[in-house]
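Let me begin by presenting the structure, written as structure tokens, before commenting on it.
The sequence lines fix the lettering, A, B, ..., with proteins before strands; numbering per chain opens at 1.
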Amino acid sequence: MNHDTVYLDEKLNKENSSEFKRKILDSIEENEITFISFKNVIYIDKEGLTILIEILEYSKKQSRELWLCELKPEILEIMTFTNLNNLFKINNNPYKSPE
Amino acid sequence: MSYRIIRENGIVKIMMSDSLSVNDLEKMQNELELFEEITLVKLDLRNCSYIQSNVVSEIIDLKKELSRKNARLVLTNVHEAVMQLMEISNLINFIDIEKDFSSYSVNELIEFFLDPENCDSASDYIAKNYNETFKQKMTELLYNTDPILKEYAILTVGKAFDRSLLPTIRENLDDDVGNVNKAAILTLGWLYDVESKDRIYPFLKSPFIDVAESAAATIALLSDENDSTRLKEYLKTPDDRLKRITIRALSLINDDKSYGYLKDMLTNGTNEFIKIVLTKAISFYNYPETADILLGLLRDESLKVREEAASALIRIKAKDKINKILMMIQKENGWFAYYATKAIGGICDSETCTNFLVNAYDKASGNVKIAIIQAVGNIGVDCSDFLSNHLGDENEDIRREALVSLSKLNQNRATPAAKDILLNDSNPEVRLKAAEILIEAKPSGYRRFLEKTYKRETSEKVKEKILDAIEKL
């Protein structure tokens, strides 16, 4: 299955939500599996999380798989607090590709 | 025939009847020979509550045969009794075993909602394959009297993003069971149902912490420009638990107002527990002054707050504060310098920082010395000479940390050093660390070395570590 990894920037928030949304949607259109790497993410807010949920809904409609990977403990804590860890597939990237 | 073969693309699914014999496997293997381009064979044992012990070796043979054709063998839906036999015969380590929900009917699938081990995966499977049949079943369950079935039906509808059931999910905010309320709250957040926000606020005061947390998180997800001010009122409560979840919700909202409220709370004094939560929360605001606030917290009277501030400075990669922190380390000693040094170890990756810390070492107090040794290992610039000089230090913590940092920076020097320490150091904790480093590095001839060391080692803990490594070889 073809796949791609999208590396997020430091910010997953209101400042750049439309930018990362476009990047991920492009990947979903072209790949059966999209991994979103959080390795660089430092700042995250509700805007970023809301966009991620929208993207997940879109990927389900397209019958594509979406994985979140390389989450630092603090980011994972936020995913757990919001229970989004039950909505998203979260794992280390088994198809880790170079940046 | 006691099995049925279903083939779809490169995947072959074999449904077994109530038992699996050597004869079945031989027949199966012959049939599989006829197929070309198989990538995966799923042997479904859901109806099979018994297998003969001699079948085990046949399964291994089948796996080998399929491997030769570049195909995988997976046993699915293995019965508990069969699983036990596989554990006894050690087959469990050689064969992939998975749950395959596609073998179950809708009614069978929802029974998994009552099984704590499989409820989440069953819900994920239904959400992934959501169709009219599943929708009908979930709608039925939303009115079921069993709260567990109801809870998982709500979550499944949320995972499937089925907005047509929103009115029914909203009704479940009035349910008497906490977990049903929680599922409804979460799902309303996932489905971005802003209309429900006002009804979710009272759950912040729920006696069940996970319900209150879900309410806080969902309010944050559904928030607009007025919610920070509304949530601020909950910061005044004497209930620390409610304060904590409110702080986290405000940090997620991450607007100017919420920042102001959290900063005020941090400045105006609060207890240690809340201050730790605030320190982390404030680090998620990308404002120029955030790093300065965290730097100030390195001097907090609570060591736990200082530690949280140091971790936050590392997390936000406060590189522009490196010089400021180094100057602080130069002027001061004690716990402040300890946490500042830890922060430098996580933020800096340049030779300047390593040289600075190495030069500061002699004048540093005991705990700062340990922090310096750890920090140079984390910075990543090779200073093997400095570290090697401390492998014989009289303080065992320094010897141990020097070896750990050396192993991060220069494996060629760390390996012989670890061997020497394992044979000669007087402290078992230092020897244990040396053993761990050697086991990780696996230098040539190390099995013989471990065997030799095992014979003379006196500490049970170290012996156990070595024996475990030898057994794995």
Side-chain angles (χ1 to χ4, degrees), chain A residues 1 8-17 20-21 28 32-33 38-68 70-91 94, chain B residues 119-120 123-124 127-130 152 155-156 158-163 182-183 185-187 189-192 194 210 213-214 216-224 227-228 244-245 247-255 258-259 280-281 283-287 290 308 311-312 314-318:
Chain A
M1 281 203 268
L8 298 175
D9 297 334
E10 279 187 357
K11 297 171 197 165
L12 179 62
N13 60 15
K14 52 189 167 287
E15 287 176 46
N16 66 348
S17 53
F20 76 75
K21 185 177 179 180
I28 290 171
E32 283 159 276
I33 307 174
F38 278 66
K39 70 186 267 194
N40 302 318
V41 174
I42 295 174
Y43 302 103
I44 187 165
D45 69 5
K46 71 115 186 173
E47 207 81 38
L49 293 177
T50 309
I51 299 277
L52 274 183
I53 299 172
E54 278 177 38
I55 291 170
L56 178 69
E57 184 174 2
Y58 176 78
S59 76
K60 289 207 174 199
K61 281 185 185 150
Q62 304 296 315
S63 301
R64 299 295 164 99
E65 271 192 47
L66 189 70
W67 287 80
L68 311 186
E70 298 182 281
L71 282 83
K72 291 179 194 132
E74 295 83 359
I75 305 288
L76 195 56
E77 224 175 83
I78 290 175
M79 301 308 279
T80 310
F81 175 62
T82 51
N83 272 271
L84 291 177
N85 58 331
N86 290 322
L87 184 64
F88 285 92
K89 289 182 176 178
I90 298 179
N91 208 338
Chain B
C119 51
D120 291 318
S123 164
D124 289 343
K128 192 178 174 188
N129 298 282
Y130 203 72
Y152 276 90
L155 292 172
T156 308
K159 289 176 194 171
F161 293 99
D162 181 357
R163 287 190 169 74
K182 181 186 166 185
I185 292 167
L186 291 174
T187 300
W190 298 343
L191 300 181
Y192 205 69
V194 179
D210 53 339
E213 274 199 0
S214 310
T218 299
I219 289 167
L221 286 178
L222 302 177
S223 63
D224 58 29
D227 286 289
S228 289
R244 178 179 64 83
I245 59 174
I247 291 166
R248 299 190 74 177
L250 284 167
S251 169
L252 260 187
I253 294 176
N254 217 269
D255 59 1
S258 63
Y259 178 70
K280 185 177 269 184
S283 75
F284 279 95
Y285 289 85
N286 183 22
Y287 292 144
T290 311
E308 190 64 55
S311 304
I314 294 168
R315 199 183 65 75
I316 66 168
K317 299 179 184 160

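Of all the heavy atoms in A:K11 and B:N286, the pair that sits closest is CE-ND2, 2.8 Å. Listed here is the closest heavy atom pair of A:E74 and B:K280: CG-CE, 4.3 Å. For the pair B:G158 and A:L87, the tightest heavy-atom approach, listed with the atom from each and the gap, is O-CD1, 4.4 Å.
A 4.5 Å side-chain heavy-atom check between B:I316 and A:Y43 finds at least one atom pair inside the cut-off. For the pair A:I53/B:Y192, no side-chain contact is recorded, criterion being any heavy-atom separation below 4.5 Å from C-beta on. In this structure, the side chains of A:N13 and B:Y285 stay at 4.5 Å or more apart for every pair of heavy atoms. The closest side-chain heavy-atom distance from A:I75 to B:F284 is below 4.5 Å. For the pair A:N86 and B:L155, the minimum side-chain heavy-atom distance is 4.5 Å or more.
Here the CZ-CG distance, from A:F81 to B:D210, works out to 12.0 Å after rounding to the nearest 0.5 Å. Interatomic distance, A:I42 CD1 to B:S283 OG, rounded to the nearest 0.5 Å: 10.0 Å. The CD1 atom of A:I44 sits 10.0 Å away from atom CG of B:N254, with the distance rounded to the nearest 0.5 Å. Note that the NZ atom of B:K182 and the CG atom of A:N83 stand 4.5 Å from one another [nearest 0.5 Å]. Rounded to the nearest 0.5 Å, atoms NZ (A:K46) and CD1 (B:I253) are 7.5 Å apart. To the nearest 0.5 Å, atoms NZ (B:K128) and NZ (A:K60) are separated by 9.0 Å.
In this structure, the portion of A:E15 lying under 4.5 Å from any heavy atom of chain B is its side chain and not its backbone. With a 4.5 angstrom heavy-atom cutoff, A:K61 does not touch chain B via any of its atoms. When heavy atoms are compared at a cutoff of 4.5 Å, B:L186 approaches chain A solely by way of its side chain, counted from C-beta outward.
With sequence neighbours left out, B:D124 forms a salt bridge (charged side-chain N to carboxylate O under 4.0 Å, His left out) with B:K159. Remark: A:D9 engages no residue in a salt bridge (charged side-chain N to carboxylate O under 4.0 Å, His left out) (not counting sequence neighbours).
Of all the listed residues (B:G189, B:S223, B:S214, B:A216), the one sharing the greatest number of non-hydrogen pairs under 4.5 Å with chain A is B:S223.
Remark: B:K317 NZ is packed, more than 12 non-hydrogen atoms of other residues, nucleotides or ligands lying under 6.0 Å away.
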